[in-house]
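Have a look at the structure below, then the notes.
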Amino acid sequence: MIAFAAVCDAVAATPATLLKIERLAGYLRSLGRDDLNAASRFLGGDPLGASDARRLAIGGRTLLNAAHRVWAFDDESLSTAYRATGDLGEALARLFREPAAPALFAETLTPASLAAILDEIASVGGAAAGKKRAYACERILRACHTERETAYAVKILTGDLRIGLREGFVLAAIAAAFGRDAAAVRRAAMAAGDIGAVVLAAREGTLERIELRFGSPIGFMLASPMAFESSYRELDGATWIADDKYDGIRAQAHKRGTEVRLFSRTFSDIGRTFPEIVSALARQAADFILDGEIVARRDGRSLPFRYLQPRLQRNDPSAGMQDEIPAAFVAFDAIALGREFLVDRTLAERRSLLAAQLAPGGAFELAPAFALEANATPELVRELFAAARERGNEGLMLKRADAPYVPGRRGKWWLKLKRELSTLDCVVVAVESGHGKRANVLSDYTFAVRASAERDELLTIGKAYTGLTDAEIATMTEWFLEHRIGGGRRTFAVEPAIVVEIAFDIIQKSSLHPSGYALRFPRIVRLRPDKRVDEIDTLDDVERIYREMLEREGVER
DNA sequence: TTGAGGTGCACC
DNA sequence: CTTCCGC
DNA sequence: GCGGAAGGTGCACCTCAA
């Protein structure tokens with residue numbers, strides 16, 4: 001793994017993407033089959049391969065404990081190392097020690113041998129599984145003979161290399177390494193779901209043999225956000241199809257013959273979580289691959305996401321649970337119908353084939369589509385949005401009628417439109433340093449509302465880390481360091497004086513924060529230097545927003 | 001044997 | 001999922 | 001357009017003490 005680490009360091013050191021790709025391509029070309037397969041997966045951030053349903057189940061805690069057993073460092077040096085680097089791999093690399101007496105049969109890591117250990121880890125289960133995984137972690141760490149090897153072995157285990165490269169660039173490097181067409185490599189990657197298979201095919205010149213297949217998940221087409229209540233000029237000059245934006249979980253349904261499979265966005269097989277959907281799909285005559293959303297439904301209306309949540313990650317739900325929270329698959333696109341793949345057809349064609357060949361029923365629904373002629377007015381968009389909300393959905397999707405299905409990409413073919421629920425003026429009461437590139441700034445803010453207009457007690461309601469520019473974070477860091485009032489090394493209390501406006505999509509009851517509420521997707525809209533702490537919002541305001549949200553949802557409780 | 005707590009992860 | 005930034 | 005940073009909820013699975 002010494003060469004792997006050297007390449008990663010070189011990639012991390014250059015911001016130029018073309019140089020990253022070139023350096024990476026040279027390395028890939030130098031590898032034999034097994035190392036090539038493993039190294040590509042590691043670089044892509046998915047050490048087992050995306051189509052592998054197994055999990056490593058190794059997190060920071062397990063790694064830390066294993067490292068502690070191997071190198072016996074004290075807590076102080078660990079926190080110093082972590083504070084300096086903001087990255088577990090880099091921190092543990094600093095604590096790396098060459099053993100005093102070299103072991104007789106010291107193990108050496110190569111990408112392939114590391115992959116073999118990871119495969120063992122992923123296969124562990126049952127009693128003492130945690131101990132076996134921890135032991136395998138130790139074995140990996142002991143097999144590291146340099147600091148840099150240690151850093152990258154740990155980064156591979158945590159799934160985050162942080163060298164300014166992810167799958168997109170790795171695919172470009174694969175194309176460059178073996179002189180293949182970059183588009184062909186991308187296409188193969190979305191069909192294979194495993195970068196290791198792609199790199200080998202690229203080397204052998206057999207990329208075109210990797211094809212979309214029934215039963216193997218395909219990347220989901222993604223949408224870009226569109227600003228709410230703008231002039232919607234993005235829509236000019238094309239015809240669009242509007243869908244409701246469903247607040248559930250995105251899913252891909254495959255049917256071939258009697259076999260039905262459901263996949264989540266991360267390609268996990270979720271058929272056993274939603275058996276009523278699987279049986280509804282099985283009743284269809286046609287074979288298909290469909291794109292849609294699993295939504296909690298009642299009386300023809302969508303329920304908010306929180307209703308669906310207890311059903312997630314739960315296999316074989318009881319009849320009572322299925323009855324209490326009925327789930328439905330709402331199909332809004334067809335990737336394949338019958339034997340034919342439709343990714344290169346237009347959305348308009350795919351939608352009409354979908355409506356013509358499938359019959360909704362039970363837990364299977366077809367999403368109603370609304371056509372927008374060229375140059376749709378903002379008023380029409382507003383009406384469609386309001387109607388979608390009226391049906392219990394989160395917002396609106398606008399999709400170019402002539403768009404192909406582009407798996408795994410976020411483009412301008414699909415736009416999503418949603419509205420923040422509200423904003424709250426809060427005061428920052430505690431701050432925390434970030435991770436990675438934010439290790440040396442205070443970027444994570446815990447904020448609070450006032451108990452009431454009369455009582456100036458502050459009740460925390462959430463944390464946010466996004467919305468400020470780097471420059472603002474830098475300024476705030478200085479201020480917070482000068483106005484700290486609490487202990488703690490990574491997290492500490494600060495004078496409650498910085499007022500921030502926080503936007504959010506959902507408010508919910510929660511035991512996490514003393515206010516009794518928590519926010520979904522909190523983000524800092526702006527600093528409010530014009531506001532004093534006694535002018536921020538109160539718990540009454542929070543409760544009012546919560547009640548209004550429930551009323552608007554039109555769902556009891 | 002049970003249940004609380006730790007840990008990891010998958011959804012948004 | 002979200003937002004922003006820097007390349 | 002990509003990569004990096006990181007909130008909140010709730011389930012599965014394992015560990016360990018009673």
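Reckoned from all heavy atoms, side chains included, excluding hydrogens, waters and symmetry mates. We name chains A, B, ... by the order of the sequence lines, and we start the count at 1 in each one.
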Atom CZ of R409(A) and atom C1' of dC2(D) are separated, to the nearest Å, by 10 Å
Classify the nucleic acid contact of T17(A) as base, sugar-phosphate or nothing, counting any heavy atom under 4.0 Å across all strands shown.
-> nothing
Ring center gap for Y445(A) and Y465(A) short of 6.0 angstrom | no
Whichever of A16(A) and E394(A) has its nearest DNA chain C nucleotide further upstream toward 5' | E394(A)
When all nucleic acid strands are considered with a 4.0 Å heavy-atom cut-off, which category describes L165(A): base, sugar-phosphate, or nothing?
-> sugar-phosphate
Pick base, sugar-phosphate or nothing for L519(A), based on heavy-atom distances below 4.0 Å to the nucleic acid.
-> sugar-phosphate
Which one, dG7(D), dC2(D), dT7(B), comes nearest to the side chain of R61(A)?
-> dT7(B)
What is the nucleic acid contact for I163(A), judged by heavy atoms within less than 4.0 Å: base, sugar-phosphate only, or nothing?
-> sugar-phosphate
Can you sort out the partners of R261(A) under side-chain hydrogen bond (donor to acceptor under 3.5 Å, both in side chains), two or more places apart, ordered by chain and number?
-> D269(A)
Which nucleotide sits closest to the side chain of R523(A): dT3(C), dT7(B), dA5(D)?
-> dT3(C)
State which of dA6(D), dG1(D), dT2(C) makes the closest approach to the side chain of S443(A).
-> dA6(D)
State which of dG8(B), dC11(B), dG3(D) makes the closest approach to the side chain of I249(A).
-> dC11(B)
Rounded to whole Å, the NZ-C1' distance (K416(A) to dC12(B)) equals 11 Å
Sequence neighbours excluded, which residues qualify as salt bridge (Lys or Arg N to Asp or Glu O under 4.0 Å) partners of E90(A)?
-> R148(A), K155(A)
Could you list by number each residue of residues 462-478 of chain A showing a heavy-atom separation from DNA chain C of less than 4.0 Å, or answer none if no residue does?
-> Y465(A), T466(A), G467(A), T469(A), D470(A)
Selection from dT9(D), dT2(C), dA5(D) that lies nearest to any side-chain heavy atom of S510(A) = dT9(D)
List in chain and number order the residues that pass salt bridge (Lys or Arg N to Asp or Glu O under 4.0 Å) with E276(A), two or more places apart in sequence or in another chain; answer none if no residue qualifies.
-> R311(A)
Each base of DNA chain D marked ( ) or [ ] if paired in-strand (Watson-Crick or G-U under 3.5 Å), | if paired to another strand and . if unpaired gives |||||.||||||||||||
For the rings on F385(A) and F228(A), is their centre-to-centre separation under 6.0 Å?
-> yes
Would you indicate, yes or no, if dG8(D) has its OP1 or OP2 atom less than 4.0 angstrom from a side-chain nitrogen or oxygen of R306(A)?
-> no
Describe the nucleic acid contact of L161(A) in one word from base, sugar-phosphate, nothing, applying a heavy-atom distance below 4.0 Å.
-> nothing
Please report, rounded to the nearest Å, how far the C1' atom of dG3(D) is from the CG atom of D160(A).
-> 10 Å
Would you indicate what K20(A) reaches in the nucleic acid, counting non-hydrogen atoms under 4.0 angstrom: base, sugar-phosphate, or nothing?
-> nothing
Does D244(A) have any side-chain hydrogen bond (donor to acceptor under 3.5 Å, both in side chains) partners at least two apart in sequence or in another chain, and if so, which?
-> R391(A), N393(A)
Could you tell me the separation between the CG atom of L424(A) and the C1' atom of dG7(D), rounded to a whole number of Å?
-> 15 Å
With D52(A) via salt bridge (Lys or Arg N to Asp or Glu O under 4.0 Å) - residues at least two apart = R54(A)
Could you tell me which residues satisfy side-chain contact (heavy atoms from CB on, under 4.5 Å) with M226(A), sequence neighbours excluded, listed by chain and number?
-> Y232(A), E234(A), L235(A), L398(A), L415(A), L417(A)
Step by step, would you call V429(A) with V427(A) a side-chain contact (heavy atoms from CB on, under 4.5 Å)?
-> CA-CA 6 Å; V429(A) 294; V427(A) 66; 4.1 Å; yes
N or O in side chain of H513(A) less than 4.0 angstrom from dG7(D) OP1/OP2 | no
So which one's nearest nucleotide on DNA chain C is more toward 5', K245(A) or K437(A)?
-> K245(A)
Residue pairs fulfilling salt bridge (Lys or Arg N to Asp or Glu O under 4.0 Å) with at least one residue in residues 503-513 of chain A, sequence neighbours excluded = K418(A)-D505(A), D505(A)-R523(A)
Over how many whole Å does the gap from E420(A) atom CD to dG7(D) atom P extend?
-> 20 Å
To the nearest Å, give me how far apart CZ (R438(A)) and P (dT3(C)) are.
-> 14 Å
Protein heavy-atom contacts under 4.0 Å, written 5' to 3' over nucleotides 11-18 of chain D as B (base), S (sugar-phosphate only) or - (none), form the string SS-SSS--
To the nearest angstrom, the CD-C1' distance between E167(A) and dG4(D) comes to 16 Å
What does F504(A) touch in the nucleic acid at a heavy-atom separation under 4.0 angstrom: a base, only the sugar-phosphate, or nothing?
-> nothing
Tell me, with the steps shown, if D9(A) and Y152(A) meet side-chain hydrogen bond (donor to acceptor under 3.5 Å, both in side chains).
-> CA-CA 9 Å; D9(A) 279 339; Y152(A) 284 103; 2.8 Å; yes
Without hydrogens or angle criteria, can the side chains of R94(A) and T85(A) be said to hold a donor-acceptor pair below 3.5 Å?
-> no
Which nucleotide in the list dT2(C), dA5(D), dG8(D) gets nearest to the side chain of Q508(A)?
-> dG8(D)
Ranking dG1(D), dC12(B), dG8(D) by distance to the side chain of K412(A), first place goes to dG1(D)
Just grab all the salt bridge (Lys or Arg N to Asp or Glu O under 4.0 Å) pairs involving residues 402-415 of chain A, residues at least two apart or on different chains.
-> R400(A)-D402(A)
Using a 4.0 Å heavy-atom cut-off across all strands, classify I58(A) as base, sugar-phosphate, or nothing.
-> sugar-phosphate
Which nucleotide sits closest to the side chain of R250(A): dG8(B), dC12(B), dG7(D)?
-> dC12(B)
Could you check how far CG of D247(A) sits from C1' of dG8(D), rounded to whole Å?
-> 14 Å
Distance between the P atoms of dA6(D) and dC11(B), in whole angstroms?
-> 22 Å
Select one nucleotide: of dT2(C), dG1(D), dC7(C), the one nearest the side-chain heavy atoms of P15(A).
-> dC7(C)
Would you say the side-chain atoms of T14(A) pair up with the backbone N or O of A10(A), donor to acceptor, closer than 3.5 Å?
-> no
Would you mind writing out the side-chain donor-acceptor pairs for residues 316-325 of chain A within the sub-3.5 Å range, not counting sequence neighbours?
| from | atom 1 | to | atom 2 | distance (Å) |
| --- | --- | --- | --- | --- |
| D316(A) | OD1 | R272(A) | NE | 3.2 |
| D316(A) | OD2 | R272(A) | NE | 3.3 |
| D316(A) | OD2 | R272(A) | NH2 | 2.6 |
| S318(A) | OG | M321(A) | N | 3.0 |
| Q322(A) | NE2 | P317(A) | O | 3.2 |

Can you check whether S264(A) has a side-chain N or O nearer than 4.0 Å to OP1 or OP2 of dC12(B)?
-> no
Which nucleotide, dA5(D), dG8(D), dC12(B), lies nearest any side-chain atom of R162(A)?
-> dA5(D)
